[in-house]
Amino acid sequence: QVQLVESGGGLVQAGDSLRLSCAASGRTDSRYGMGWFRQAPGKDREFVATITWSGGSKYYADSVKDRFTISRDNAKFTAYLQMNSLKPEETAVYYCAARTSPYASAVPSEYAYWGQGTQVTVSS
């Protein structure tokens with residue numbers, strides 16, 4: 001079992017930046033790919049970014065490319081999502097997730113573990 005706890009959300013203005021963190025605990029000896037997803041009210045959960053266990057490969061949704069950066073520090077069992085130039089339409093609950101595989105994935109159903117989410121609100 002892996003427990004994930006997100007932090008770093010908050011209320012910002014359009015154009016601002018935020019850095020989300022996802023701390024893992026429990027069975028951290030496993031090698032797992034991680035991802036960030038978000039869900040706005042009344043909408044489906046959508047893929048944001050994903051990273052392999054090694055950190056060598058990263059993939060992003062087209063809507064966040066060049067503005068968001070996913071990273072991880074395996075020594076600290078923590079993943080990050082740096083979000084720049086935030087837009088009001090990106091207001092959502094942001095979730096981190098971990099796979100039971102070292103590979104990245106944009107598919108929510110391929111993730112075994114999920115955090116409780118952190119609210120990001122971007123005002124115009």
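Computed over heavy atoms, backbone and side chain alike; hydrogens, waters and symmetry mates excluded. Please read all numbers here as calculations on a predicted model, not as lab measurements. Quick note: residue numbers are just sequence positions, from 1.
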Response to the item:
Between S124 and A14 the two heavy atoms that sit nearest each other are CA-CB, 4.4 Å
Worksheet item: To the nearest 0.5 Å, what is the distance between CE (M34) and CG (L4)?
Response: 5.0 Å
Item to complete: Examine distances only and state if a side-chain atom of T50 and a backbone atom of Y59 form a donor-acceptor pair shorter than 3.5 Å.
Response: no
Worksheet entry | Q119 side chain reached by L11 side chain, heavy atoms, under 4.5 Å | no
Worksheet item: Looking only at heavy atoms, which two atoms of V12 and L86 are closest? And how far apart?
Response: CG2-CD1, 3.9 Å
Discussion item. What I'd like to find out is whether the side chain of Y113 reaches to under 4.5 Å of the side chain of T100, using heavy atoms alone.
Written reply: yes
Item to complete: Would you give the length of the straight line joining atom SG of C96 to atom CD1 of I70, rounded to the nearest 0.5 angstrom?
Response: 9.5 Å
Practice prompt. Give a yes or no on whether V2 and Y94 share a hydrophobic cluster (residues Ile, Leu, Val, Met, Phe, Trp, Tyr; joining criterion: side-chain heavy atoms under 4.5 Å apart).
Written response: yes
Worksheet, complete the sentence: Note: S17 and Q82 closest approach over all heavy atoms is CB-NE2, 3.9 Å
Worksheet item: What's the verdict on ring pair (Phe, Tyr, Trp, His ring centres under 6.0 Å) for W53 and Y32, showing C-alpha distance, side-chain angles and the deciding distance?
Response: CA-CA 5 Å; W53 164 251; Y32 45 91; 5.6 Å; yes
Worksheet item: According to the interplanar angle, ranging from 0 to 90°, do the rings of W114 and Y95 count as parallel (below 30°), tilted (30 to 60°) or perpendicular (above 60°)?
Response: perpendicular
Practice prompt. Would you kindly confirm whether L18 and V93 end up in one hydrophobic cluster when ILVMFWY residues are joined by side chain heavy atoms under 4.5 Å apart?
Written response: no
Fill in: Check: V107 and F47 side chains under 4.5 Å, non-hydrogen atoms
no
Worksheet item: So do E6 and Q116 actually touch side chain to side chain, heavy atoms under 4.5 Å?
Response: yes
Worksheet item: Side chain of R99, backbone of E110: donor and acceptor closer than 3.5 Å?
Response: yes
Discussion item. For F37 and Y111, take the angle between the two ring planes, folded into 0 to 90°, and tell me which bin it lands in: parallel under 30, tilted 30 to 60, perpendicular over 60.
Written reply: perpendicular
Worksheet item: Backbone N or O of T52 within a donor-acceptor pair of the R72 side chain at under 3.5 Å?
Response: yes
Worksheet item: How long is the span from the CE atom in M83 to the CG atom in D16, to the nearest 0.5 Å?
Response: 11.0 Å
Worksheet entry | Considering all heavy atoms, the nearest G9-V120 contact | CA-CG2, 4.1 Å
Fill in: Nearest heavy atoms of D62 and K65, plus distance in Å
OD1-NZ, 3.2 Å
Worksheet item: Can you tell me how far NZ of K58 sits from OG of S71, rounded to the nearest 0.5 angstrom?
Response: 6.0 Å
Worksheet entry | Reported OG-to-CD distance for the pair S63 and E89, which is rounded to 0.5 angstrom | 9.0 Å
Worksheet item: Atom CH2 of W36 and atom CG of L20: how far apart are they, to the nearest 0.5 Å?
Response: 4.5 Å
